[in-house]
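Remarks on the structure that follows.
Start at 1 and go down the list; that is how both ligands and their atoms are numbered. These values consider heavy atoms only, across backbone and side chains, with no hydrogens, waters or symmetry-generated copies.
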Amino acid sequence: MEFTIKTGAPEKLKTSCLVVGVLDGERLAPPAADLDKATGGALASILATGDLGAKAGATLLVHNIPGVAAPRLLLVSLGKADALGEKAYRDALSGAAKALASGRAEDAGVCLVDVEVPGRSPAWNIQTATRLLADATYRFQAPGVGQKEADKPPGAREVTLLTRHKVSARLETAVRRGQAVAEGMALAKDLGNLPANVCTPTYLADTARKLSKEFKLKVEVLEREDAEKLAMGSFLSVAQGAHEPPKFIVVHYKGAKGKSPPVVLVGKGITFDTGGISIKPAAEMDEMKYDMCGAASVLGTLKAVARMALPINVVGIVPATENMPGGGATRPGDVVTSMSGQTIEILNTDAEGRLVLCDALTYAERFKPACVIDIATLTGACVVALGKIPSGLLANDDALAAELVARGTESGDRVWQMPLWEEYQELLKSNFADMANIGGRYAGTITAACFLARYTKAYKWAHLDIAGTAWVSGDAKGATGRPVPLLSEFLIARSDAAAD
Ligand code: BES
Ligand code: MN
Ligand code: ZN
C-alpha cells in the first residue's frame with residue numbers, strides 16, 4: 001500500500017473512496033461537520049437514518065453524494081466523544097481498513113487522523129493509522145497453492161491521509177514508520193503461517209540471508225558443528241531428535257554512528273514442536289508450526305528497523321531447530337551441559353524452548369548488550385493466565401520492564417508483567433543437575449522465566465512470552481505479527497531518545 005499525506009478539504013479530494021470519521025452524538029464535529037456543510041446537509045440526513053452503527057469501527061458505504069468529489073463515501077463510527085481514546089481510534093481505523101481491504105475502490109482518501117486522542121500526538125495518530133491500514137492488506141499466499149486469494153479484489157492500494165495540520169517532516173516520518181512496521185509484521189506472519197515442512201531452520205536462515213542482501217544487515221549462520229565447538233549442549237539436545245539440521249542464526253544491524261552497545265533480540269525458533277519423547281496430544285498439534293513466532297518477530301523487527309534506518313545497533317539471535325521424537329532424541333532424565341557450564345536435567349522434552357534459549361542468551365553476552373529481550377511461544381500456562389490479549393513480561397530490571405509496558409500501550413501491542421521472585425527458583429531444583437527444565441504444575445510461565453534468568457545475570461534482560469498472542473486459532477487461524485509493533489516501538493523510542 002502506498003501512502004501520501006497532505007492538507008486539504010475532504011469534499012474536494014479526487015479519490016475513489018473518501019473515508020470520514022463520525023462521532024456518535026447530536027452534533028457533528030470536523031471534518032464531518034465541514035463535509036455536511038459542503039453537501040448541503042446530506043451527511044446529517046444519512047446519519048439520521050441510524051444505518052451507521054454507534055460502535056467505534058462500524059462502517060457505512062454510500063455513493064454519489066452531491067458536493068463530494070469522490071464517488072464513494074465510507075462513513076466510520078468513532079463511537080461516543082467522551083469514550084474516544086486509543087481503543088476507539090484503533091477500532092475505527094481497523095473498521096475502515098477492513099472495508100478498504102475487501103472493497104472495490106483502488107485508492108482512498110482517509111480523514112480520520114485529526115481526531116484528538118487524549119495524551120497522543122498527531123504523529124502517533126498518523127503512525128498508528130498507517131500501520132493499521134497497511135497491516136489490513138496482509139494476505140497469506142501459500143506457496144504452490146492455487147490463486148484463490150489472488151482472485152479476490154485487491155482492495156485499496158493507494159491511500160491519501162488528509163490532515164488539517166501542516167505536513168511536517170515529523171508526520172512524514174510517522175507515515176514511513178507505520179509502513180515499515182506493517183512490513184515487518186507481514187514478514188513475521190508469512191514465516192509463522194508457512195507449514196513446518198517449508199519453514200524449516202534452513203528456511204529461516206535463508207530468509208535472514210535474503211534480508212541481508214536487501215538491507216544493511218550482516219548475517220552469520222552457525223551450523224551444528226559450530227554449535228558443538230561452542231559447547232551449546234542444551235540447544236543441541238533439542239536438535240538431536242530431528243533430521244532437519246539446526247541453524248543458529250545471528251543478524252547484525254548497525255545503524256548507530258560510532259560505538260554503541262546493541263539491543264539484542266533473541267527469538268525462539270522451534271519450527272515444529274511435537275514435544276519430543278514427551279510427545280504432545282494430537283489435537284491442534286498443527287499449531288505448533290507457530291512455535292517459531294519468536295524468531296519470526298525478531299526477523300520482522302529487524303526488517304522494520306532496517307527499512308526505517310534507525311540510528312541504533314541491534315543484534316538478532318535465532319536458535320532454530322525442530323523438536324522431534326527421533327531415535328536420537330533426548331530421553332526424559334537425560335542430563336546436558338549448557339554453554340554456560342550449568343547442567344540441566346531434562347525431565348520433560350516438551351519444555352524445549354528454554355533449552356534452546358538458554359544457550360542463545362549465553363551467546364548474547366559477547367555483544368555487551370544495552371539490554372537483551374527474548375521472545376518466545378514458551379508456555380501454555382501463559383495463555384491460561386493472561387488469555388490472548390497481552391503477552392507475558394518478566395524481567396530482571398524494572399526500568400526495562402516499565403519501558404516495555406509503555407511501548408506496549410503506545411503500540412497497542414500490550415504486555416503484562418508477572419513476578420520473577422527468587423522464591424520461585426526453588427521449584428527448579430534437581431537431584432541430578434544444577435536445575436531441572438520444568439518446575440511442576442504451578443506458575444508455569446514464571447518458572448520458565450526463572451530458568452532463563454539463570455542465564456541472564458550479565459545484563460539487563462526482559463522475556464516476552466507470546467504463546468497467547470503470536471497467532472489466533474479457529475476460523476481466522478493465522479499469525480498476528482505480534483510483537484513486531486511493540487519491539488519496533490521500543491527501538492524507535494530508544495533511537496529517538498538517543499537523537500535528542
Ligand atoms: N511451545 C510450547 C508452548 C505452547 C503450548 C505455546 C501451546 C502455545 C500453545 C512449549 O514448548 C511447551 O510445550 N511448553 C510446555 C511446558 C511444560 C512441559 C513445562 C507447556 O506449556 O505445556
Ligand atoms: Mn514444547
Ligand atoms: Zn515449544
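At least one N or O atom of Thr377 sits closer than 3.5 Å to an N or O atom of ligand 1. The distance criterion of under 3.5 Å between nitrogen or oxygen atoms is not met by Ala381 with respect to ligand 1.
Applying the salt bridge (Lys or Arg N to Asp or Glu O under 4.0 Å) test between Glu183 and each of Arg131, Arg176, Lys303 identifies Lys303 as the sole match.
The closest protein non-hydrogen atom to atom 15 (C) of ligand 1 is Asp350 O, 4.0 Å. Of the protein's heavy atoms, Gly380 N, 4.6 Å lies nearest to atom 22 (O) of ligand 1.
Close approach of ligand 1 to Lys268 (heavy-atom distance below 4.0 Å) involves ligand atoms 1 (N), 10 (C), 11 (O). Taking a cut-off of under 4.0 Å to the non-hydrogen atoms of Ala467, the atoms of ligand 1 that pass are 6 (C), 8 (C). Which parts of ligand 1 touch Trp471 is read off a 4.0 Å heavy-atom cut-off, strictly below it: atoms 8 (C), 9 (C). Within ligand 1, counting atoms from 1 as listed, the ones closer than 4.0 Å to a heavy atom of Ile438 are 19 (C). When each atom of ligand 1 is checked for a heavy atom of Glu352 under 4.0 Å away, the hits are 11 (O).
The residue among Met292, Arg354, Met288, Glu287 with a heavy atom at the shortest distance from atom 7 (C) of ligand 1 is Met288. By heavy-atom distance, the residue among Leu355, Asp465, Asn348 lying nearest atom 18 (C) of ligand 1 is Asn348.
Geometrically, Arg366 engages Tyr363 in a cation-pi contact, judged by NZ or CZ lying under 6.0 Å from the ring centre and within 45° of the ring axis. Because its NZ or CZ atom is both nearer than 6.0 Å to the ring centre of Trp471 and within 45° of the ring axis, Lys388 counts as a cation-pi partner of that residue.
Remark: the backbone N or O of Gly275 is paired with a side-chain donor or acceptor of Thr349 at under 3.5 angstrom. Of the possible polar contacts, one joining the Asn437 side chain to the Leu347 backbone as a donor-acceptor pair under 3.5 Å is found. Without hydrogens or angle criteria, Asp291 side chain to Met288 main chain gives no donor-acceptor distance under 3.5 Å.
None of the N, O or S atoms belonging to Gly353 lies under 2.8 Å away from the Zn ion (ligand 3).
The backbone of Leu378, and not its side chain, has at least one atom closer than 4.0 Å to an atom of ligand 1 (non-hydrogen atoms only; backbone = N, CA, C, O). Contacts of Asp291 with ligand 1, taken as heavy-atom pairs under 4.0 Å, involve the side chain alone.
Considering just the N/O/S atoms of Glu352, the one nearest the Mn ion (ligand 2) carries the name OE1. Among the heteroatoms counted here (N, O or S) of Glu352, OE2 is the one nearest to the Zn ion (ligand 3). In terms of distance to the Mn ion (ligand 2), the nearest N, O or S atom of Asp273 is named OD2. Residue Asp291 approaches the Zn ion (ligand 3) most closely through its N/O/S atom OD2. Asp273 contributes OD2 as its N, O or S atom closest to the Zn ion (ligand 3).
For atom 11 (O) of ligand 1, a protein heavy-atom neighbour is found at a distance under 4.0 Å.
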- Message: Evaluate Lys55 against Asp91 for salt bridge (charged side-chain N to carboxylate O under 4.0 Å, His left out), listing each step before the verdict.
- Response: CA-CA 9 Å; Lys55 242 179 110 184; Asp91 287 348; over 6 Å; no

